[in-house]
Amino acid sequence: MALSAARHRRGQSSAGDPPQPLDTYTKEDKKDAEVGEEQRGIRWILPLMALGILRHMSATSNIIHDCDEVFNYWEPLHYIIYKSGFQTWEYSSAFALRSYLYTFFHALVAWPASWLFTDEKVRVFYVVRLFLGLISAVTETFLVVALSRKYGNRLASYTLAMLCLTSGCFFASTSFLPSSFSMYAVTLSTALFLLGKYCTAVSVAAAAVILGWPFSILVFLPVTIYSLIKGRLKSVFVSGSATSLLILVISVLVDRYCYGRWTSSVVNLLAYNVLGGGESHLYGTEGPLFYFRNGFNNFNVGFILALLFLAILPIARKKYAPDLLVVVAPIYIWLAFMSLQPHKEERFLYPIYPLICIAAAAVIESFPDLFCNKYAVEDSTIVWIAKVLRPVILSLILCASHSRTFSLLHGYSAPLEIYKHLEHHDDVGTGSVVCVGSEWHRFPSSFFVPSFVGEVRWIDDGFHGLLPFPFNSTLGGSASAPPYFNNKNKASDEQYLKDINACTFLVELDLRRPYPSRGSDMSRWETLAAIPFLDRELSPSTHRSFFIPYMWHEKNVFGMYKLLRRIPSDDL
């Protein structure tokens, strides 16, 4: 008793004594500390640094996956900066399907870069790409931080790993395309939604739809509707409506300035595709499984796991429903809608790429939950195995994806690299002509053509569709409506250079076929550069490209991308 009383007295303090520190640390204290740590989540610096490094790698090494990126975005940007470039029929004032506001947004970076790098246009190209990579890194950092605060560090870390290393995100993050812009907006809008900032989330969605890609409204639909329900209806509605109206007005004014008439490229694009005028099937069609093969290309097993999110939801509903279900729902909506369209392209999936990463990460994170309810004991052997499987499966996904990324970069970078050799041959003088035949669709843009080159011309190699023409300042530049443009993909007689002897340089893909090609006559052409290139039938957008060998070997080289110079007749 005396000992107990003594302990009791030592535990007490008089009113004048300072409070004594407690020596005990209970489970409740530990739980409170863990909750406090969880609420803080992942700090900004780690994901920003990781994503920044990977996006820098993408900006400096990414190939161009789609000729639309070149002719509908890089070329108009080149025209805005340098007053030269190729124009497509979509940019004809008679059709006005493309928004110049989207291009001007990138010109805000390209203009200062062109002043800094006066004689090096290719540097301007990469500055714009670095700008795109920065936007991607920042928006994805917001998403990772939001996920960590809402669902914990594990789900956020898995998502971060997939954002960094999956092929789809690596390539889409620095592509100059409205679908990539929509991807940035989906990422940021999702992050804001998870953080409870519903007005801002809807405003970002509205800006992306008007400024970027109008059809991306389907991707934003679940978050927008749920934000209207969960947030203050009036504030959210007014915020989204005001943003839409403001950007639409600015877009119309920019279109008026560039197209020379009152029109709206947003309305024109919707009318062309929705109201019966669209004939996108003229540019190729694919079967209903195209996007599923393509998703597997870019995320391999991760894509399958993402599609299984709904299957694990009944078990993990306490963790993920309803907010994460709202976030992931656009995957199914978008895949269903786009698969019904006859014309399909890889870039159309870009807006849902970050959502695929979230869904796949959530399924991997939930592996132990699949067995906890059945076996009850949390530390059972099968639950332990499920926990070990999480990093193993994630590592396999990332290794396969990373291998495919570098395989494609190694196999398809020749078009960008071959045009860089032009700058070393300015001895031909100004006004030279670069000719491109069947490889017109891999032309990397006028940013890769040095100033001493007078023009780039197409030569007839059997393509019967409509090709881009240089912007015609005589007809009005961006406000022109040239008669040779049409929306039926019918070739114009004026699009080809008739006299090949007018060519100073020739860009050609030599597939080592038994019959001669244009540049095979070494008495007329000399080879300035040759870079290995994979066969054209194994293009990055086809499902077969997943099976490209992960280690480059000489036997995989199906062709050589060549830059040739015509030997002057005096030297023959």
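Ser167 and Ser401 share a side-chain donor-acceptor pair at under 3.5 Å. In this structure, a donor-acceptor pair under 3.5 Å is present between the side chains of Arg98 and Tyr73. Between the side chains of Thr88 and Glu90, a donor-acceptor pair is found at a separation under 3.5 Å. Defined by atom type and a distance below 3.5 Å, a donor-acceptor pair is missing between the side-chain atoms of Tyr91 and Glu75. Defined by atom type and a distance below 3.5 Å, a donor-acceptor pair is present between the side-chain atoms of Arg55 and Ser136. A donor-acceptor contact under 3.5 angstrom links the side chains of Asn62 and Thr174, judged on distance only.
The backbone N or O of Lys490 sits nowhere less than 3.5 Å from a side-chain atom of His464 that would complete a donor-acceptor pair. Side chain of Thr139 to backbone of Ile135: a donor-acceptor contact under 3.5 angstrom is found. At distances below 3.5 Å, at least one donor-acceptor pair connects side-chain atoms of Tyr291 with backbone N or O atoms of Glu345. In terms of modelled atom types and a separation under 3.5 Å, the side chain of Ser92 and the main chain of Ala94 share a donor-acceptor contact.
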Margin query: Go through it in stages, so that I can follow the logic: the residues are Asn294 and Phe299, the test is side-chain contact (heavy atoms from CB on, under 4.5 Å), and I'd like the CA-CA distance, side-chain angles, deciding distance and then a yes or no.
Written below: CA-CA 9 Å; Asn294 199 266; Phe299 297 93; over 6 Å; no
Margin query: Working note: Leu130 + His56, criterion side-chain contact (heavy atoms from CB on, under 4.5 Å); need CA distance, chi angles, decisive distance, verdict.
Written below: CA-CA 6 Å; Leu130 288 169; His56 180 273; 3.5 Å; yes
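With sequence neighbours left out, the disulfide bond (SG atoms under 2.5 Å apart) criterion links Cys357 to no other residue. Judged as a ring pair (Phe, Tyr, Trp, His ring centres under 6.0 Å), and not counting sequence neighbours, the contacts of Phe471 are Tyr79. With sequence neighbours excluded, no residue forms a disulfide bond (SG atoms under 2.5 Å apart) with Cys164.
Centroid-to-centroid, the aromatic rings of Phe469 and Phe485 come within less than 6.0 Å. Checked against the 6.0 Å centroid threshold, Phe117 and Trp111 do not count as a close aromatic pair. Between Phe176 and Phe131, the distance from one ring center to the other does not fall under 6.0 angstrom. Centroid-to-centroid, the aromatic rings of Phe406 and His402 come within less than 6.0 Å. The distance between the ring centers of Phe443 and Tyr419 falls below 6.0 angstrom. The ring of Phe105 has its center no closer than 6.0 angstrom to the ring center of Tyr102. For Phe447 and Trp74, the gap between ring centers is short of 6.0 Å.
Partner of Phe348 under the ring pair (Phe, Tyr, Trp, His ring centres under 6.0 Å) criterion, out of Phe290, Phe337, Tyr353, Trp213: Trp213 alone.
Sequence neighbours left out, the pairs with a member in residues 110-120 that pass salt bridge (Lys or Arg N to Asp or Glu O under 4.0 Å) are Glu120-Arg123. Residue pairs satisfying the salt bridge (Lys or Arg N to Asp or Glu O under 4.0 Å) criterion with at least one member in residues 420-436, sequence neighbours excluded, are listed as follows: Glu417-Lys420, Asp427-Arg565. Within the structure, disulfide bond (SG atoms under 2.5 Å apart) pairs that include any residue of residues 461-502 do not occur (at least two apart or interchain).
Arg256 forms a cation-pi arrangement with Trp262, by the criterion of a distance under 6.0 Å to the ring centre and an angle within 45° of the ring axis. Figure legend: cation-pi geometry between Lys121 and Tyr82, with NZ or CZ positioned under 6.0 Å from the six-membered ring centre and within 45° of its axis.
With respect to the salt-bridge test (charged N to carboxylate O, under 4.0 angstrom), the residues Glu508 and Lys562 do not qualify.
Aromatic ring pairs are classed by plane angle as parallel below 30°, tilted from 30° to 60° and perpendicular above 60°; the pair Phe181 and Tyr184 is perpendicular.
Closest non-hydrogen pair, Leu51 versus Leu163, comes out as CD2-CB, 4.1 Å.
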